[in-house]
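Numbers restart at 1 for each chain; the letters A, B, ... are given by sequence-line order, proteins then strands.
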Amino acid sequence: MSKPSLPKGTRDFSPVEMVKRNYIFETIKKVFRKYGYAEIQTPSMENLATLTGKYGDEGDKLIFKILNSGDFLGKVDEQLLAARNSQLTTSQVSEKALRYDLTVPFARYVVMHQNEISFPFKRFQIQPVWRADRPQKGRYREFYQCDADVVGSASLLNEAEFVLIYREALINLGLKDFTIKINNRKILSGIAEIIGKPELIVDMTVAIDKLDKIGFEGVTNELIERGFTQADIDQLKPVILLEGSNAEKLESLKQVLATSTLGLKGIEEIETVFNYVSRLTTHNLQPVTQLELDITLARGLNYYTGCIFEVKTNEVAMGSIGGGGRYDDLTGMFGLKDLTGVGISFGADRIYDVLEELSLFPVSAAQGTKVLISNFDAAAEVYALPILQQLRSHDIAAELYPAAAKLKKQLGYADDKKIPYVILIGEDEMKSGKLTLKDMQSGAQQQLAIAEIVGQLAG
RNA sequence: GUGGUUUUAGCUCAGUUGGUUAGAGCGCCUGAUUGUGGUUCAGGAGGUCGUGGGUUCGAGCCCCAUAUUCCACCCCA
């Protein structure tokens, strides 16, 4: 028997880690619910056809496919097999796949349940997703997303509320310095339109998205590689290097995009979101200073059509810890037209890594066992059983050491599990009916009747 | 998909030009203490050196393959 191991990019979660992970999930869920979002879940696997074609060519490659059951090779066309073309053969040997994100399954859900849903439909979903990526810092092959989306409402109030949701959840998690970046796909389209290369919008956004990493010169090189001329770049330069406050950026953009109705529409949308946000925070002591218009923000997904979000922490070097945006026609791929939606996602695993690095997890809110009953011998064990049940009936987390072991060992067990109290039951205690309650932190011991112990521990 | 990197005790890691029986710290077990943990002291257990081949009289160390870790690119949470 060889040593067991785990597939690449996957992890076990220990009891200690689960407490921390649940803390993150609960904090985010609480905010989602507060803003009117209700939880749903979808299966881990979807039909392969539901997922393919939704994430671009790169994304499709990263989908984990599930092999068909039974004699899946026997049914494949001979010629196809002989051609050894994996891409063409895939659809013959695999018809299911693990979900790649939560948004596409959600779109599928909306289409399938359209008759029972009342719109606008606000849902949140916290489940793992899988990507056949190469793992690296902050990147796993199985990780959790925390998504909130609303479909059936074009109002930019939704976008504004997502800004508040991001802000509230991250502040509640203890993060101090983070940036919520916002951009609008229509502005990007407008820019591409102005320089007369609307068909190159994807190449343009991919290139300028890297400004942070490779600088203006690097972006220039990449733009040229992707088919832009020096004249195009001269036109793009003031846009890419846009600086100043959000209001100043918007003013400059209005001039650049003066002749693009699409671009102006994007600017107007951003302004509306900003207005909503400021009105929603009027009575808040702290204004939203973390919201920043970033024209270089592109995001890879093909389906975004309006506002785009991305959240980064400035306290730790880490990829984005959240992202999202508006998609005007996501459900169109499944046959339900003209249903607009907007959503955001928290990357729980990255947030975990960030909180860990910054030591921001609260010192365990004592969720474990509160009291351990020692076990000296068979007689003491029998004596302890009704006491154990009495403690539990008062909602006190209690356990009886399951074997008559040395007290040293039992106290060591309580110490390891950070159980704050131990009840000692021996001959003396059974005779007097007064049990010994030991406070593990101070070491102090008291002789108390069971009712007194319950009173003390329940408080 | 591309390039680099890691793997030796439960954990973190040493291990010289290829040479006898592969080490340390922490943890674990036992005892000092037959009913008192987190401190101390004494003793003990624990290894197919990631896996499979190869070179060699001899491999933890060299070569090949493969898995895995971490990192960068692509892309992305």
For nucleotides 26-28 of chain B, which of its nitrogen or oxygen atoms have a protein nitrogen or oxygen under 3.5 Å away, and what is each distance?
none

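- The gap from the C1' atom of B:G54 to that of B:G58 amounts to 15 Å, rounded to the nearest Å.
- At the heavy-atom level, A:Glu142 lies nowhere under 4.0 Å from the strands shown.
- Among residue pairs with one or both ends in residues 197-224 of chain A, none qualify as ring-ring contact (aromatic ring centres under 6.0 Å, His included); sequence neighbours excluded.
- The stacking criteria are not both satisfied for A:Phe346 over the base of B:A77, which would need a centre-to-centre distance under 5.5 angstrom and an angle between ring planes under 30 degrees.
- Judged by distance alone, with hydrogens and angles left aside, A:Glu429 brings a side-chain donor or acceptor within reach of the base of B:G35, the pair sitting under 3.5 Å.
- B:U51 sits 35 Å from B:A42 when the P atoms are compared, rounded to a whole Å.
- The residue A:Lys417 sits apart from the nucleic acid: no heavy atom pair falls under 4.0 Å.
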Report each atom pair, protein N/O against N/O of nucleotides 5-7 of chain B, whose distance is under 3.5 angstrom.
none

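- The base of B:C75 has none of its N or O atoms less than 3.5 Å from a complementary donor or acceptor on the side chain of A:Arg134.
- Toward the 5′ end of RNA chain B lies the nearest nucleotide of A:Ile425, the other residue of the pair A:Tyr144 and A:Ile425 mapping further downstream.
- A:Gln145 comes within 4.0 angstrom of sugar-phosphate atoms only, judged by non-hydrogen atoms across all strands, and of no base.
- In terms of the ring-ring contact (aromatic ring centres under 6.0 Å, His included) criterion, residue partners of A:Phe162 (sequence neighbours excluded) are, by chain and number, A:Tyr37.
- Under 3.5 Å, the side chain of A:Gln410 and the base of B:U36 form no donor-acceptor pair of N or O atoms.
- Counting atom types as modelled, A:Lys438 pairs a side-chain N or O with a base atom of B:U36 as donor and acceptor under 3.5 Å.
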Enumerate the protein-to-nucleotides 30-32 of chain B contacts in which both atoms are nitrogen or oxygen and the separation is below 3.5 Å.
unit_1	atom_1	unit_2	atom_2	d
B:G31	OP1	A:Lys406	NZ	2.5
B:G31	OP2	A:Lys406	NZ	3.1

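- In this structure, A:Phe143 has no ring-ring contact (aromatic ring centres under 6.0 Å, His included) partners at least two apart in sequence or on a different chain.
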